[in-house]
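Here the structure comes first, spelled out in structure tokens, and everything after it is commentary.
Letters go in sequence order (proteins before strands), and every chain restarts at 1.
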Number of protein chains: 4
Amino acid sequence: MPLITTESKGVFVIAVTPFTDTLAVDMASVDSVTDFYFDKGADGLTILGMMGEAPKLTQGEALDITRRTLARAEGRPVVVGVSAPGLAAIDELTRAVMDMGAAGVMVAPPGTLKTDDQIFAYYQSVVDTIGADVPLVLQDFPLVTGIHISSSLLGRIVEAMPSIVMLKHEDWPGLAKISDIRAAEAKGRRRLSVLCGNGGVFLPEEMERGADGAMTGFAFPEMMVDVVRLAGAGDMERAQDIFDAYLPLVRYEQQPGLGLAVRKHTLHKRGAIASPQQRRPGAPLAPRAVAEVDRLIARQERKLKDIG
Amino acid sequence: MPLITTESKGVFVIAVTPFTDTLAVDMASVDSVTDFYFDKGADGLTILGMMGEAPKLTQGEALDITRRTLARAEGRPVVVGVSAPGLAAIDELTRAVMDMGAAGVMVAPPGTLKTDDQIFAYYQSVVDTIGADVPLVLQDFPLVTGIHISSSLLGRIVEAMPSIVMLKHEDWPGLAKISDIRAAEAKGRRRLSVLCGNGGVFLPEEMERGADGAMTGFAFPEMMVDVVRLAGAGDMERAQDIFDAYLPLVRYEQQPGLGLAVRKHTLHKRGAIASPQQRRPGAPLAPRAVAEVDRLIARQERKLKDIG
Amino acid sequence: MPLITTESKGVFVIAVTPFTDTLAVDMASVDSVTDFYFDKGADGLTILGMMGEAPKLTQGEALDITRRTLARAEGRPVVVGVSAPGLAAIDELTRAVMDMGAAGVMVAPPGTLKTDDQIFAYYQSVVDTIGADVPLVLQDFPLVTGIHISSSLLGRIVEAMPSIVMLKHEDWPGLAKISDIRAAEAKGRRRLSVLCGNGGVFLPEEMERGADGAMTGFAFPEMMVDVVRLAGAGDMERAQDIFDAYLPLVRYEQQPGLGLAVRKHTLHKRGAIASPQQRRPGAPLAPRAVAEVDRLIARQERKLKDIG
Amino acid sequence: MPLITTESKGVFVIAVTPFTDTLAVDMASVDSVTDFYFDKGADGLTILGMMGEAPKLTQGEALDITRRTLARAEGRPVVVGVSAPGLAAIDELTRAVMDMGAAGVMVAPPGTLKTDDQIFAYYQSVVDTIGADVPLVLQDFPLVTGIHISSSLLGRIVEAMPSIVMLKHEDWPGLAKISDIRAAEAKGRRRLSVLCGNGGVFLPEEMERGADGAMTGFAFPEMMVDVVRLAGAGDMERAQDIFDAYLPLVRYEQQPGLGLAVRKHTLHKRGAIASPQQRRPGAPLAPRAVAEVDRLIARQERKLKDIG
């Protein structure tokens, strides 16, 4: 099975976890949404992230979903989120999913860390626990975790822990951080793969600053695929034209807490999952919001036609 | 001088505080930016808000800026931010600016409040201190203050404190809160003026949900003026078309911490202020970001031409 | 097996989780520390709490420890902490431990809750999920969780959810909250068992205010047993004399983060556990601190002799 | 007038700000409480700190209190708290109080700082703003500010900013930090005066670890004076005996939020101030708490007699 590396590029979609209307895990929809993401051009998937409702699953369910997704991915890379309150659970889950064939694991810092030194020590503990042979993605998402990692601290971590091969970049504002990373590499620091999150809301600028792609779950992954491909080909104006057509919906989907309901509604509407249900405390999308989303999608389709 | 009321509507621009290149308050630019905002169609101004760098001013400077802005506004309503660590300072500043002719004052909750009851008690203390005859704007901006006000708590506050005539709405997500307010009013609760912030990033949806306008500082106030006017006239498609043309820049300007640098750069570029300088800890806009903003503005102009 | 009720009283010791020097769970020490707590007069135990290093255990380990403790407790009540990032895990763990014979489960609010309404809804979700027949302890520990529950919100929860039979009280300051609870009950609200935490640092005042006992893990449980007994008998001066003799160590053990190392050192020194080891990120007690603790214990013994 | 230096030692009492029953500043009580503190053996005072209700004062009141206290101190050192939301206000207040004869100023970090680099940059900005000739006290009080300063970050600050001559130490736990500071100095880092806060609740251990004294406001300053003097003379057992007699009250007074009411009640009872009033949102001490405090003071007096 392929492992992610510091050279990994492209679009890794943050996969939703589909539930039936009675809130059981919907394995048939795990298959269909996996197919959907790859059909739209994804290079890989990331499962059991925050937007994958990982904390709402039992451990058994988490392993079943991983097994099913890996089988359906047929050798394409799948990263698995293993964040947990303690190292023992992170270790146990990591061993299990790497044995199944995961491409790497992703860990976000717990909100209890207070200082740069504590954040550094935390990642050192994770690496020591799961082993330096497991490719690790550092999820840098201060809006949700409350943990802010400065460019200088990130540099210390990158230098000390070679098994951290990838940054899931979702600091906000975060453009300068990408420039900082690439500037440090130009001066000799080892490479880090940088895939950007935040629903893709800054993807054109992020690509121009040197990102390697996207790792986020916007319900139209083809936008991210196109923007990353066009940016790679140097056609930033076309990339931005396509991005702009989707931006009103990107913005709407990026609302904290509400975003997953928007995403699942859209994926359901597009036929990728059988039901838009979330487990509690997820709120269903209110009728008013459904109308807003549907209107934005209709406008988006018209604009995409206009730009050809 | 006019006072704001529960019926206030339209666009109140959050004004920047202009500094010279040596970081003194630039009174000539206070005049020019005041003219600029009203020339672009603003119905009123709000000064000494967070984006007005109020905490970076001495008390004397704050009063000088208020006096100057009020003189230049020539009778149009100016709300003054009076948030401060303690009630004594809030009281002192409120008395001074209301005597000068302010249309009302705005107070954000301090980040030390812990429970619904404490938030309620805080606003009760403010009203008791400044007097129930001073029109008060409640600034609801949890991303910055860390204080979350539920719809039910807002209802308790609105019912108990009639002098809170306006909500500066910048909860995120916040669309349901507007619907909640209007639904409660439909059932008999007294009216509240709702002007929306967050750089205008949800303005079309906010207007459809029942907002009365915008109170935010996007550097192209004409966007907000147009969207509010068109929404008022029921032409939501045209409102959204104009909004969409500006959205890439709205999104860019809304980056926390960085936004004011973008805003001042743009206002300087548009001739509204003589220098884009901020006082510390404000960061100047890096050259890379200047290029990104300028490119977005150029694209915006082309799009506005396209939609006519 | 006995269940906790709204009438539960006495001392429930928060049990440590003993590890071997190689950081495996030390089942022999689970037995010995269980015996130790009951020998010192405990009325019950609470396992898998924050101070029980629950987040550092795998799920399998957590269940093994529960089974072992319940067997050793021989019918005396054992509450099990089941806090987890999501309801599915809370449900799974609750079912398992209640089947084994636990006396009830304890849940602390997650730090992501923002408003009174969200805190209320969270506990409603927990009750709906685990069933209203499972006796539930609400852990109110804002210093660690960041969640503040006002007396009025607690009242709403108590009235709506009869299966919440007990409050693990560790708000700080928190004396007024006990008085508020008992005052509301005097006016007709249903009873709530109140057991106090925070290492016992306010136990005499808490008992006088109407608490039913202690639920905390101070390494000399006999202090809590004596204070609760003497307070129950109305001998507050003697209760306070005993408390005062232990207070310098109580204070030292209550240091956040460091406290567990102090506690395990002391329990090891007293022969209750075979090793003072903690799993990471727990820090071992530095030699300097060991000397401070040992000196405080020596002074404590002299004082206890003095007061007879 | 004397300035504080890296060699400053002893007890600097955090002074309360006395108000009349109608909540005006009580200048006569400023005199009497200043006398009281020095009569009990204080080496200096710190005014306008958090416990001095500084945020509840107008700027004019703050300056009047400073002038009055400095006059009454008759040349003994008075540090002035100048924390404010922005650098302009810090600068203005610093200039004013240093001109009046203050011994130095104290600044706590604002709660908006996110990373080690931001905390460092903040203090660099403060030093640049007020000038490197003004002796500066860094207030390290994470329980209230939310800002955690690791030993390594403190070292960077100490090395870069020689005008930071003193640490108001109130991290919790914080004993290891004192040891870290003295260990770094033993290896050549320049000296820092370390005065400890937190109501004195760890004063014996802090002195043994190398602190230079106390800077806190416990209402029996003679305890701190005795402990610091005895620790300096090497008589730790006697120091601890005296400390232990006061500890039940120290503990009670240290309750966050409530502590100042306890302190003002006690100072009023001892004749140091004419009224125990606080400005809002300060809560008056409830009758139940008054009884608890008075009982603790009565017991304390008996114990002090016992130890002679």
With a 4.5 Å heavy-atom cut-off, do D/D128 and B/R280 have their side chains touching?
yes

Mind checking whether D/S125 and B/P281 have side chains closer than 4.5 Å, heavy atoms only?
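Side chain of D/S125 against side chain of B/P281, heavy atoms only: no contact under 4.5 Å found.
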
Could you state the interatomic distance from CD1 (D/I90) to OG1 (B/T58), rounded to the nearest 0.5 Å?
13.0 Å

For B/E92, which atoms come within 4.5 Å of any heavy atom of chain D: side chain, backbone, both, or neither?
side chain

Please determine, among D/G86, D/A54, D/G60, D/A89, the option with the most heavy-atom pairs under 4.5 Å with chain B.
D/G86

For B/A88 and D/R279 the tightest heavy-atom approach is CB-NH1, 4.0 Å

